[in-house]
Amino acid sequence: MLAKVKSSVFIDSLTLEFENALTSPVKAVLIDDKGKICCSVEAEPPITKCSYSWRGLNDLPYGVYTLELSQGSDEQKMRLVKRV
């Protein structure tokens, strides 16, 4: 699973772009700079558009987050910033 976020800065939603269509579930977890899990979502296949829009993040406080993506044994981490 190779994925990227359309932008590393977000306000109220994230768009995840996958290299290939999903054939197994992908779990996404947002962790704040203190290591606390703030929210998570699981994208179930079939997602054939190779993108997933994670909405409803406007209640998170502003700051730096780590996005952890996992699909089976594959894991990926990205640093993101929530801003005004």
- Steps toward side chain to side chain contact (heavy atoms under 4.5 Å, CB included) verdict (T66, L30): CA-CA 6 Å; T66 300; L30 268 178; over 6 Å; no

- Item | Minimum side-chain heavy-atom gap L69-V29 below 4.5 Å | no

- Message: Hydrophobic clusters here meaning ILVMFWY residues chained together by side-chain heavy-atom distances under 4.5 Å, can you tell me if L16 and V41 are in one?
- Response: yes

- Query: Can you find a pair of side-chain heavy atoms, one from V64 and one from L80, that are under 4.5 Å apart?
  - Reply: no

- Query: Atom CZ of R79 and atom CD1 of I31: how far apart are they, to the nearest 0.5 Å?
  - Reply: 14.0 Å

- Message: For a quick test of reading the model, state the closest non-hydrogen atom pair linking Y65 to L60 and the distance between them.
- Response: OH-CB, 3.6 Å

- Under 3.5 Å donor-acceptor, K82 side chain and I11 backbone: yes

- Task: Before giving the answer on side chain to side chain contact (heavy atoms under 4.5 Å, CB included), spell out for L57 and L14 the whole-Å C-alpha distance, their side-chain angles and the decisive distance to 0.1 Å.
- Result: CA-CA 8 Å; L57 302 175; L14 287 171; 3.8 Å; yes

- Task: Report the C-alpha separation of E17 and S51 in whole Å, then their side-chain angles, then the decisive distance to 0.1 Å, and conclude whether the side chain to side chain donor-acceptor pair (under 3.5 Å) test is met.
- Result: CA-CA 4 Å; E17 296 177 343; S51 69; over 6 Å; no

- Message: Ignoring hydrogens, what is the shortest heavy-atom contact between W54 and L67? Give both atom names and the distance.
- Response: CZ3-CD1, 3.8 Å

- Query: Is a side-chain donor or acceptor of Q76 paired with a backbone partner of S70 at a separation under 3.5 angstrom?
  - Reply: no

- Query: Taking NZ, NE, NH1 and NH2 as the nitrogens, is one of them in K27 or E42 under 4.0 Å from a carboxylate oxygen of the other?
  - Reply: no

- Item | N58 and F10: CA distance, side-chain angles, deciding distance, side chain to side chain contact (heavy atoms under 4.5 Å, CB included) verdict | CA-CA 9 Å; N58 52 332; F10 69 99; over 6 Å; no

- Message: Working note: Y52 + V26, criterion side chain to side chain contact (heavy atoms under 4.5 Å, CB included); need CA distance, chi angles, decisive distance, verdict.
- Response: CA-CA 10 Å; Y52 180 81; V26 172; over 6 Å; no

